[in-house]
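Scope of the values below: all heavy atoms of this structure, side chains included, with no hydrogens, waters or symmetry mates. Lettering of chains follows the sequences in order, A, B, ..., and the numbering in each one begins at 1. Note that the structure is predicted; figures quoted are calculated from it, not measured.
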Protein chains: 2
Amino acid sequence: MAKTDTAEQSRSRRERILDAAFHTFSTKGYRDTAVDDIAGAAETSKGGIYFHFPTKEAIFRELMATTADKLVGKVERAVALETEPVARAEAAIRAVLATFAGHRTMARLLFLDTIGAGRVFQTETNALHERFARLIQGYLDEAVAAGAIPPHDTRITSIAWFGAINEVVGRWLLADSAGKLEDAYPPLRAALLRSAGVPEKRVGPMPMPQPGVEFPETKR
Amino acid sequence: MAKTDTAEQSRSRRERILDAAFHTFSTKGYRDTAVDDIAGAAETSKGGIYFHFPTKEAIFRELMATTADKLVGKVERAVALETEPVARAEAAIRAVLATFAGHRTMARLLFLDTIGAGRVFQTETNALHERFARLIQGYLDEAVAAGAIPPHDTRITSIAWFGAINEVVGRWLLADSAGKLEDAYPPLRAALLRSAGVPEKRVGPMPMPQPGVEFPETKR
DNA sequence: AGCGACCGACCGACCAGTCGGTCGGTGCGA
DNA sequence: TCGCACCGACCGACTGGTCGGTCGGTCGCT
C-alpha cells in the first residue's frame, strides 16, 4: 500500500529523469544536451538530477543499456516463436525493423546519438554493435548447423547484416518525409537471406521497388 | 619559380593547417579537438588559422569533402578498369577496402568522427552516405541493365551494401589488435554479390573463415 | 610607407558538477 | 495529540574550467 507516498504520479522521480533524458538525448544528441535541459524536461532541477545520478555520462550509459536490452529482448522473443532456422532469422530482422518503426526515438538513441557522443563512448558503441553482431551470428550458425545454409564465414556475414540493417534504419531516420520503414523489409530481407546463401526458392521472387516504397529524397 | 616565397616548406601554410586538422580530428574526434590543438600541430597560432578559415566547422567540412572526393575518385578509377558489370562491382568493393586498409586515418575521419561531430553534421554525414549509396546503386543498375543480375530494388540493396561495408570497416577500426582488413574481402565480397542476386557460379565457393582471418576479439 | 600574413592575449558563452540550504514528512516522548 | 528532532529528497546559485572566435598589434617584404 504505502508505495508512492509523495503524492507523485506513479513513476518515481528517478524514472521521470530517465524518460526526460531519453527524449532529450535522442532529440538533440548527447553533447548538445545540457544537464539543465534534462532537468527542465523532467520538471526538476540540476541538483535533483545529481542526487539520483553521479554524472551525465552515467545517465546516458544506463539509458543505452536498458534500451539495448529491450531491443534484444524483443528480438529473442520474436525468434523463439519460430523453429525453422531461416524463419528465425527472418523474425529477427522483422522484429528490429518493427521496433524501430514504432519507436523512432529508440532508433535515434541507439544508432545515431550513441555515436554522436564522443570518444568516451566509442567503446560503448563498439560493444553494442558487437553484441548485435554476435546475436545475429548465433542465428546464422544455427542455420548452418541445421543445414539451411551452407557453412561459411558467419562472422563477417553477421557484421554485414548488422551494418546493412543499421544503414537502412539510419537512412530512414534521416529522411524527413520518410515513408514506412516496413516497406524496406521485403527487399532487405531478400538481400540478407541471399547474402547468407539461403536457397533461391526459399527466398522467393526478387521484390521490385514499388513506387513509393523506396525512401524519398532525403532533404537538404 | 617564385612560388613559395616565404622560405616555407613546399606546402603552403593553409595546407599545413589542413593536414594538422586532418590528423587531429581523426585522432581525437571533432568535439575533442580544440582549435589550439590544430594550431599547435600545424606550428602556427589560432589567429593564423582564423586568417585562413572562417570557422572550425569550415575546416572540418573542407576536409570531409576532399577526403570523400579522393575516395570516390579511387573507386571510379578502379571501376573504370573493368568492363564486365560484376567485375566492376567487385573492383569498387576492393578499392574501398584497400584504401581504408592503407589509410586508417582516412577511414576514421570519414566513418567515425564524421558522426562523432554532433547535430550540425548529421546533414553532412547523411549526404556522404547518400553519395556512396548512389554510387553503388549506379553500378548495380548497370549490372541489371547488362543482365548480370536480376532486376530488383537496387536502392535498398545499395544502402545495404554501403552499410555492410561501413560496418566491416568500422569493426576493423575499433579492433585494436586488428588483423588485415583485406582478409575480410573474400567473405564480404561473396555476401554482397550474392545479396544482389549474382549467380552462384559467378560468386564461387563459399569462403570459410580461415583461422586468423576474422577480426580478433575487440578489446575492452 | 603600405600590405598581407601571422601572432597570441583576451572576451564571452557555455556547462558539468558542487554545496549550502529548504522543506515536507516521520518517529517519538510527554 | 502536540511538539520537536531528524532525515532525505530536492533546489539553484555558484565555481572552475574550456573553447570558439576576435582584435590590436608585429614583422618582413616590396
Rounded to the Å, how far apart are [X] [atom1] and [N] [atom2]?
X: A:K28; N: C:dC14; atom1: NZ; atom2: P; value: 11 Å
X: A:R31; N: C:dA16; atom1: CZ; atom2: C1'; value: 12 Å
X: A:K46; N: D:dC14; atom1: NZ; atom2: C1'; value: 10 Å
X: A:E15; N: D:dA9; atom1: CD; atom2: P; value: 15 Å
X: A:Y50; N: D:dC10; atom1: OH; atom2: C1'; value: 15 Å
X: B:Y30; N: D:dC19; atom1: OH; atom2: P; value: 13 Å
X: A:R16; N: D:dC10; atom1: CZ; atom2: C1'; value: 12 Å
X: A:F51; N: C:dT22; atom1: CZ; atom2: C1'; value: 14 Å

message: Which is more 5' along DNA chain D, the nucleotide nearest A:D36 or the one nearest A:S45? Just name the residue.
response: A:S45
- request: Decide side chain to side chain contact (heavy atoms under 4.5 Å, CB included) for B:E62 and B:F53; before the verdict, give the C-alpha distance in whole Å, the side-chain angles of both, and the deciding distance to 0.1 Å.
  value: CA-CA 10 Å; B:E62 179 160 340; B:F53 299 92; 3.7 Å; yes
message: Does any part of the side chain of B:V72, heavy atoms only, come nearer than 4.5 Å to the side chain of B:K70, both counted from C-beta?
response: no
message: Taking 4.0 Å as the cut-off, does a side-chain nitrogen or oxygen of A:R13 come that near to OP1 or OP2 on D:dG8?
response: no
query: At under 4.0 Å, does any side-chain N or O of B:T55 touch on OP1 or OP2 of D:dG20?
result: no
message: Could you walk me through whether B:L97 and B:E182 satisfy the side chain to side chain contact (heavy atoms under 4.5 Å, CB included) test, starting with their C-alpha distance in whole Å, then the side-chain angles of each, then the deciding distance to 0.1 Å, before giving a yes or no?
response: CA-CA 7 Å; B:L97 292 189; B:E182 287 91 338; 5.9 Å; no
- prompt: Ignoring hydrogens and geometry, is there a side-chain-to-backbone donor-acceptor pair from B:D37 to B:A34 under 3.5 Å?
  reply: yes
field: A:K56 (side chain) and C:dG17 (base): donor-acceptor pair under 3.5 Å
entry: no
- prompt: Which nucleotide sits closest to the side chain of A:A34: C:dC15, D:dA9, C:dC6?
  reply: C:dC15
